[in-house]
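Some notes on the structure that comes next.
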Amino acid sequence: MATNKKKVLVPDTMGKAGLALLRAREDVEVATFPNFIKRPDFQALLRQHGAVNAVVLGATPFGPEESAATQGLQVVARIGVGYDAVDVPTLTARKVPLMTAGTANSPSVAELAMFFMLTLAKRGAMFNRLVQEGRWVADRMKQMPADLNGKTVLIVGFGRIGTRTAKRCLAMEMEVLVHDPYVSEVSIRAAGCEPAPDLDAALARADFLTLHCPKTPETVGLIGAARLARMKPTAYLVNTARGGIVDETALHAALTSGGIAGAGLDVYAQEPPDPNHPLLKLDSVISAPHMAGVTAEAVERMAEASSRNVLSVFDGAPIRENVINKEVLA
C-alpha cells in the first residue's frame, strides 16, 4: 500500500533515545538492519525497500553502489563523526547531505585518549599483570611509571575532540602543543595551548603524541618511519582517530627498536586486525576495539543527534553545522 510516510533505515544497535524521536513522528516509518550487515546484503536490502528517504549508518559503509540502490534519498546520517567509509562526492552529486553527530561523542573520545596516556605512563597493564601473577615485589621497580604532570603533549587535530583533549591535558598540568594547519594560532593560544605549525619540530619535544585529525588523503601515513624517528625514546603515541594515519609497520619497528616507549591504539588500518598482527604481540601496546566514541552515554547522545539530523532535513531546516558537504545546501 502506498504511504506518504518518510522511510528511515537505521542500524539495529541505534540508541533508544534516537529511535524514540523517529518513532514519535507520525510521518516517519522506521526499519532496522544489522549494524554489521555485509555490503551486498545491504545493497539488496536498500533495493528491496524501494523508496528510502534517509539512511542512518553505524558500521556500514555507504558508497556508489549503496547510493545507486536507493530511491528518494534525502539524507545520510552517521552515528558518529568519522565518515571515511562514506563516498561523499557521490552524495554531493545527488545533492544529498551527509550529516554527522556533531559533538555527541567528543567527550568520550577525549576521555579514552587520556585513559591511554595514563595507562601507558602509569604502567597500568603491567602492574595489573604483576599483581594477578603474584609478583608483587619482584619486577615492579624495573619499569618505573611516569607522571603526566609537567610532560609535553602534542595534539594533532584541534577540532571537537582535540580541543576537549587539550582541556583535560591542561587540567593534568601538561604543556600542550597543537598542530592543526586549519586552525589559527590565535585560537590555539586562546585555548591555553602553544601552536606547533612545524609538526616535525614538535614531535621532537613531545612526551605524548595524540591524534585527533580526520582520515583524508592528506593524513594517511601522516605518522611514518621518518616522523617516528623524531620522537623521544621515552615518548608514547596514542591514536583514537582512524587506522591508516599511522604506518603500522613503522610503528612496530619503532617500538621493537626502542625508538618510542609505547602506544595506545583504538583503531587499526584493518578492522578487526588479524589476531596475529605484530602490534598485538607487544607488551608496550594497549588496544581497544574502536570503542573510543562508544560509551553508554555517547550511544544515546549520538543516536539522538542522528535522528535530529534526519528530521531537520525532512522539516526543511538542516542543522548546518552537522552537514559535511555544505555545498548541497545551496
Check whether any side-chain N or O of [X] sits under 3.5 Å from a backbone N or O of [Y] as a donor-acceptor pair, and report yes or no.
X: Ser307; Y: Glu304; value: no
X: Asn325; Y: Val328; value: no
X: Arg78; Y: Val56; value: no
X: Ser287; Y: Asp266; value: no
X: Ser312; Y: Ile319; value: yes
X: Ser306; Y: Ala101; value: no
X: Arg25; Y: Leu21; value: no
X: Arg94; Y: Ser67; value: yes
X: Lys215; Y: Ile245; value: no
X: His179; Y: Ala196; value: yes

Apply the test side-chain contact (heavy atoms from CB on, under 4.5 Å) to residues Phe62 and Leu98: give CA-CA distance (whole Å), side-chain angles for both, the deciding distance (0.1 Å), then the verdict. CA-CA 11 Å; Phe62 200 89; Leu98 168 64; over 6 Å; no

With a 4.5 Å limit on heavy-atom distance, are the side chains of [X] and [Y] in contact?
X: Leu199; Y: Leu154; answer: yes
X: Val299; Y: Val294; answer: yes
X: Val178; Y: Val183; answer: no
X: Lys232; Y: Leu203; answer: no
X: Thr165; Y: Met117; answer: yes
X: Ile260; Y: Leu251; answer: yes
X: Val81; Y: Val109; answer: no
X: Phe36; Y: Thr13; answer: no

Exactly one of Asn239, Leu222, Thr210 should register a side-chain contact (heavy atoms from CB on, under 4.5 Å) with Val156. Which one does?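 The side-chain contact (heavy atoms from CB on, under 4.5 Å) with Val156 is passed solely by Leu222 among Asn239, Leu222, Thr210.
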
Considering the options Asn309, Val313, Leu91, which one meets the side-chain contact (heavy atoms from CB on, under 4.5 Å) requirement together with Pro97? Val313

Ignoring hydrogens, what is the shortest heavy-atom contact between [X] and [Y]? Give both atom names and the distance.
X: Cys169; Y: Met114; result: SG-SD, 3.6 Å
X: Thr219; Y: Cys213; result: CG2-SG, 4.2 Å
X: Arg242; Y: Gly82; result: NH2-CA, 2.9 Å
X: Gly102; Y: Arg160; result: CA-NH1, 3.4 Å
X: Thr100; Y: Gly80; result: CB-O, 3.3 Å
X: Arg168; Y: Pro107; result: NH2-CB, 4.0 Å

[X], [Y]: one ILVMFWY side-chain cluster at the under-4.5 Å cut-off?
X: Leu112; Y: Val176; value: yes
X: Leu73; Y: Val88; value: yes
X: Met302; Y: Val55; value: no
X: Ile286; Y: Leu209; value: no
X: Ile79; Y: Val75; value: yes

What distance separates [X] [atom1] from [Y] [atom2], expressed to the nearest 0.5 Å?
X: Met99; Y: Arg320; atom1: CE; atom2: CZ; answer: 11.0 Å
X: Thr92; Y: Lys326; atom1: OG1; atom2: NZ; answer: 11.5 Å
X: Thr60; Y: Phe42; atom1: OG1; atom2: CZ; answer: 5.5 Å
X: His290; Y: Leu265; atom1: NE2; atom2: CG; answer: 12.0 Å
X: Glu173; Y: Leu148; atom1: CD; atom2: CG; answer: 11.0 Å
X: Met174; Y: Asp147; atom1: CE; atom2: CG; answer: 10.0 Å

Are Ile155 and Asp180 close enough, and set up right, to give a side-chain contact (heavy atoms from CB on, under 4.5 Å), and what steps lead you there? CA-CA 8 Å; Ile155 296 175; Asp180 192 325; over 6 Å; no

Kindly check if the number of other-residue, nucleotide or ligand heavy atoms within 6.0 Å of [atom1] ([X]) is above 12?
X: Glu321; atom1: CD; answer: yes
X: Lys95; atom1: NZ; answer: no
X: Phe33; atom1: CZ; answer: yes
X: Lys167; atom1: NZ; answer: no
X: Lys16; atom1: NZ; answer: no

Would you tell me whether [X] and [Y] have side-chain atoms, one donor and one acceptor, within less than 3.5 Å of each other?
X: Arg301; Y: Ser108; value: yes
X: Ser106; Y: Thr103; value: no
X: His277; Y: Glu248; value: yes

Please say which of Gln48, Glu65, Glu66 ends up in a side-chain hydrogen bond (donor to acceptor under 3.5 Å, both in side chains) with Gln43. Glu66

Please report the C-alpha distance between Leu228 and Ile223 in whole Å, then the side-chain angles of each, then the deciding distance to 0.1 Å, and finally whether the side-chain contact (heavy atoms from CB on, under 4.5 Å) criterion is met. CA-CA 7 Å; Leu228 287 165; Ile223 306 300; 3.8 Å; yes

Transitive ILVMFWY cluster of Met126, excluding itself - 4.5 Å side-chain cut-off: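 Taking Ile, Leu, Val, Met, Phe, Trp and Tyr as members, Met126 shares its hydrophobic cluster with Phe127, Leu130.
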
With a 4.0 Å cut-off, would you call Arg205 and Glu194 a salt bridge?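 Counted as a salt bridge, because a side-chain N and a carboxylate O are separated by less than 4.0 Å.
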
May I have the step-by-step check of side-chain contact (heavy atoms from CB on, under 4.5 Å) for Leu118 and Met172, ending in yes or no? CA-CA 10 Å; Leu118 282 163; Met172 299 297 290; 3.9 Å; yes

